[in-house]
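In what follows, chains are A, B, ... by sequence order, proteins preceding strands, each numbered from 1.
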Number of protein chains: 2
Amino acid sequence: MEAATLQKRLGSAMRERRTALDRSQESFADLIKMHRAYYSAIERGERNITLHTMYRVARGLGVSVKDLMEDARL
Amino acid sequence: MEAATLQKRLGSAMRERRTALDRSQESFADLIKMHRAYYSAIERGERNITLHTMYRVARGLGVSVKDLMEDARL
DNA sequence: GTGTGACTAAGAGTCCGTT
DNA sequence: AAACGGACTCTTAGTCACA
């Protein structure tokens with residue numbers, strides 16, 4: 001599978017989890033101490049993020065990294 | 001959780017899956033077209049790998065990324 | 001509230017050889 | 001068969017101003 005496809009699937013899964021929590025990108029990015037613009041790029045699937053970054057997002061969403069992978073079918 | 005801990009957990013999960021398949025690091029690295037020295041560092045938990053790299057390893061092991069995360073309790 | 005281009009520092013990832 | 005080192009290139013992490 002293409003790298004861009006992987007990233008988009010994961011980004012979409014994150015966006016769905018975040019909106020389900022009724023949080024804006026900005027407030028969520030603040031919560032996990034990440035820059036708003038960077039988090040935006042992740043959700044759009046423009047970043048090939050590392051394990052550590054995935055973990056930070058997952059924790060902020062209140063789920064495990066495994067859960068995100070399952071959502072993203074990865 | 002510390003970045004180093006995340007990496008070690010994932011690296012160990014990969015190592016267990018690989019050895020269960022009776023493959024050397026070298027032959028496995030060749031299979032997924034990755035350099036053996038780099039793959040060795042991943043299993044030792046010395047690299048904070050990206051989504052794309054996780055996917056390549058998971059595919060080589062015949063499992064999903066989700067499966068690896070579950071093994072690693074992440 | 002979100003998207004985007006441009007930017008730098010740090011680290012991911014490759015390739016060589018040696019132990 | 002696996003660990004480790006140096007030297008290298010490319011991309012991610014992270015920030016900013018502006019749309």
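Of the listed residues (A:Arg44, A:Arg47, A:Glu26, A:Gln25), just one forms a side chain to side chain contact (heavy atoms under 4.5 Å, CB included) with A:Tyr39, and that residue is A:Gln25.
The existence of a salt bridge linking B:Arg18 and B:Glu43 is confirmed by a sub-4.0 Å separation between a basic side-chain nitrogen and an acidic carboxylate oxygen.
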Evaluation steps, side-chain hydrogen bond (donor to acceptor under 3.5 Å, both in side chains), between A:Ser27 and A:Asp30:
CA-CA 5 Å; A:Ser27 86; A:Asp30 282 351; over 6 Å; no
Dump the intermediate steps for side-chain hydrogen bond (donor to acceptor under 3.5 Å, both in side chains) on B:Thr19 and B:Arg15, then the final yes or no.
CA-CA 6 Å; B:Thr19 55; B:Arg15 179 167 298 192; over 6 Å; no
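Whole-Å rounding puts the B:Leu6 CG to C:dA12 P distance at 12 Å. In this structure, B:Ile49 atom CD1 and D:dT11 atom C1' are separated by 15 Å, rounded to whole Å. The nearest whole Å value for the distance from the NE2 atom in B:His52 to the P atom in C:dT14 is 10 Å. If you measure from atom CD1 of B:Ile42 to atom P of D:dC4, you get 15 Å, rounded to the nearest angstrom. Distance B:Tyr39 OH to D:dA3 P: 10 Å, rounded to the nearest Å. Remark: C1' of C:dA12 and CD of B:Gln7 are 11 Å apart, rounded to the nearest angstrom. Counting to the nearest Å, the P atom of D:dA1 and the CG atom of B:Asp30 are 10 Å from each other. A straight line from OH of B:Tyr38 to C1' of D:dA3 spans 16 Å, rounded to a whole angstrom.
Contact between the side-chain N/O atoms of B:Ser40 and the OP1/OP2 oxygens of D:dA2 is not found at any separation under 4.0 Å. Taking 4.0 angstrom as the limit, B:Arg36 places none of its side-chain polar atoms (N or O) nearer than this to OP1 or OP2 of C:dC16. Within the structure, a side-chain polar atom (N or O) of A:Asn48 is placed less than 4.0 Å from OP1 or OP2 of D:dT12. Regarding contacts with the backbone of C:dA12, every side-chain N or O of B:Thr50 stays at 4.0 angstrom or more from both OP1 and OP2. A:Arg18 has a side-chain polar atom (N or O) that falls below the 4.0 Å cut-off from OP1 or OP2 of C:dT2. Phosphate proximity of C:dT2 to A:Arg44: absent, as no side-chain N or O sits under 4.0 Å from OP1 or OP2.
For the residue pair A:Arg56 and A:Ile32, the shortest heavy atom distance occurs at NH2-O, 3.2 Å. Shown here for A:Arg73 and A:Arg9, the closest heavy-atom pair between the two residues is O-NH1, 3.0 Å.
Counting any heavy atom pair closer than 4.0 Å across all strands shown, A:Ala37 reaches a base atom. Contact annotation for A:Glu43: no contact, since no heavy-atom pair falls under 4.0 Å across all strands. Residue A:Arg23 is classed as having no contact, given no heavy-atom separation below 4.0 Å to the nucleic acid. Residue A:Met34 is classed as having no contact, given no heavy-atom separation below 4.0 Å to the nucleic acid.
Two residues, A:Glu46 and B:Lys33, neighbour DNA chain C, and the one matched to the more 5' nucleotide by heavy-atom proximity is A:Glu46. Positionally, the nearest nucleotide of DNA chain D for B:Gln25 lies more toward the 5' end than for the other of B:His35 and B:Gln25. Comparing B:Ser24 and B:Arg47 against DNA chain D, the residue whose closest nucleotide sits nearer the 5' end is B:Ser24.
Counting only heavy atoms from C-beta on, A:Glu26 has its side chain closest to C:dG1 among C:dG1, C:dG13, D:dT15.
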